[in-house]
K.L.:
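The structure is given below, and queries will be raised subsequently.
In listed order, ligands and their atoms are each counted from 1.
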Amino acid sequence: MPTLGQNQYGKAEVRVVRVLRDGATHHVRDLNVSVALSGAMEDVHRSGSNAAVLTTDTAKNTVFAFAREHGIASPEAFAALLARHFVASQPTIHRARIRVQEYAWDRIPTPGEGAHSFVRAGRETRTAQITHDATGDAPEWETLSGVTGLTVMNTTDSEFHGYLRDRYTTLPETRDRILATDVTAVWRHGAATPPDADPAADWDAAWASARDHVLGAFARTYSYSLQQTLFRMGSQVIENLPGVDEIRLSLPNKHHFVVDLEPFGMKNEGPDGAVYFAADRPYGLIEATVLREGAPARIPADLTNL
Ligand SMILES: O=c1[nH]c(=O)c2[nH]c(=O)[nH]c2[nH]1
């Protein structure tokens with residue numbers, strides 16, 4: 001008889017917006033929450049008995065009810081609260097993985113009027129994934145934070161040369177190029193304590209600090225490859241955030257090619273700059289994990305769904 005392998009179920013992409021009113025000043029948290037539950041689910045797959053199943057509809061309702069009742073202190077703390085609830089409240093549920101994407105809103109300045117107008121801040125998305133596992137087969141808590149869609153560019157201080165050559169190599173060496181990428185990064189917090197345990201822990205500040213170090217390393221590294229820049233970005237986070245044990249970065253190399261303007265009698269490039277063609281595909285894809293010495297590597301190689 002076939003056996004049932006890894007399985008999980010839940011509600012994906014629950015879009016919840018929490019508005020907190022502080023008089024005329026409003027605060028918003030805009031999340032996309034995905035719940036994945038696992039446990040004693042043999043029967044529902046084999047016999048059609050739903051007795052062990054907390055419905056995905058209930059999972060969705062719980063997200064909304066928790067946002068109302070507990071508020072959203074941070075993506076990490078909110079996800080931990082949900083994960084703890086699903087595992088603690090249902091004997092058939094042994095593991096909960098909560099993924100959160102947060103969309104940032106900036107205030108539209110309206111001096112002297114109410115502070116309730118916002119503009120979406122770019123394409124950047126904050127991410128978090130909390131896994132609470134009561135099976136004993138995995139760490140009881142795992143906390144990942146991250147960012148996607150963080151688009152950055154250096155218009156100089158990037159060279160690329162000295163690489164392998166074979167009969168198919170045509171790439172010209174460059175001593176000065178544009179280096180641009182859309183950063184996807186996921187970092188793992190080493191602490192065994194869940195993010196909702198300490199109300200004083202500032203997860204927003206920790207996230208902002210990691211982001212700042214990623215950006216600072218990108219801007220300050222004189223780069224001989226995107227690989228070298230990636231390692232500096234990861235190292236800065238590991239060196240400056242003592243709670244972070246591991247970070248994985250996925251960096252598309254958004255190629256910018258100097259346009260050949262010779263046919264028009266123009267010299268493109270010089271001390272006054274140049275015109276580039278921004279190619280959208282194909283792109284180089286540079287990915288690596290940077291670890292604190294001795295820390296285990298737990299972040300999956302493929303970050304696309306995190
Ligand atoms: O920073 C780079 N790393 C590479 O591995 C690579 N390969 C390539 O064609 N261009 C680049 N740039």
K.L.:
Does Trp203 have its ring centroid less than 6.0 Å away from the ring centroid of His189?
P.N.:
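Centroid separation for Trp203 and His189: below 6.0 Å.
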
K.L.:
How close does the nearest protein non-hydrogen atom get to atom 9 (O) of ligand 1, and which residue and atom is it?
P.N.:
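The protein heavy atom lying closest is Leu171 CD2, 3.5 Å.
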
K.L.:
Please confirm whether the backbone N or O of Ala67 pairs with a side-chain atom of Arg18, one donor and one acceptor, at under 3.5 Å?
P.N.:
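Looks like yes, one N/O pair under 3.5 Å.
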
K.L.:
If we only count heavy atoms from C-beta on, is the Trp105 to Val119 side-chain gap below 4.5 Å?
P.N.:
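Trp105 does not reach Val119 side chain to side chain.
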
K.L.:
State the atoms of ligand 1, each with its element, that fall below the 4.0 Å cut-off from a heavy-atom position in Leu226.
P.N.:
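It comes down to these atoms of ligand 1: 1 (O), 2 (C).
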
K.L.:
Measure from the side-chain N and O atoms of Asn268 to the backbone N and O of Val259, and report whether any donor-acceptor pair falls under 3.5 Å.
P.N.:
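Such a contact is found between Asn268 side chain and Val259 backbone.
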
K.L.:
Could you tell me which atoms of ligand 1, counted from 1 in the order shown, lie closer than 4.0 angstrom to a heavy atom of Ser225?
P.N.:
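Going through ligand 1 atom by atom, the ones under 4.0 Å from Ser225 are 1 (O).
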
K.L.:
Would you please classify the geometry between the Tyr222 ring and the Tyr224 ring as parallel, tilted or perpendicular, with 30° and 60° separating the classes?
P.N.:
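Taking Tyr222 first and then Tyr224, their aromatic rings sit tilted (interplane angle of 30° to 60°).
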
K.L.:
Pick, from Tyr283, Tyr163, Phe160, the option with the minimum heavy-atom distance to atom 10 (N) of ligand 1.
P.N.:
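That would be Phe160.
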
K.L.:
Nearest heavy atom to atom 12 (N) of ligand 1: which of Arg177, Gln227, His255 does it belong to?
P.N.:
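The option holding the nearest heavy atom is Arg177.
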
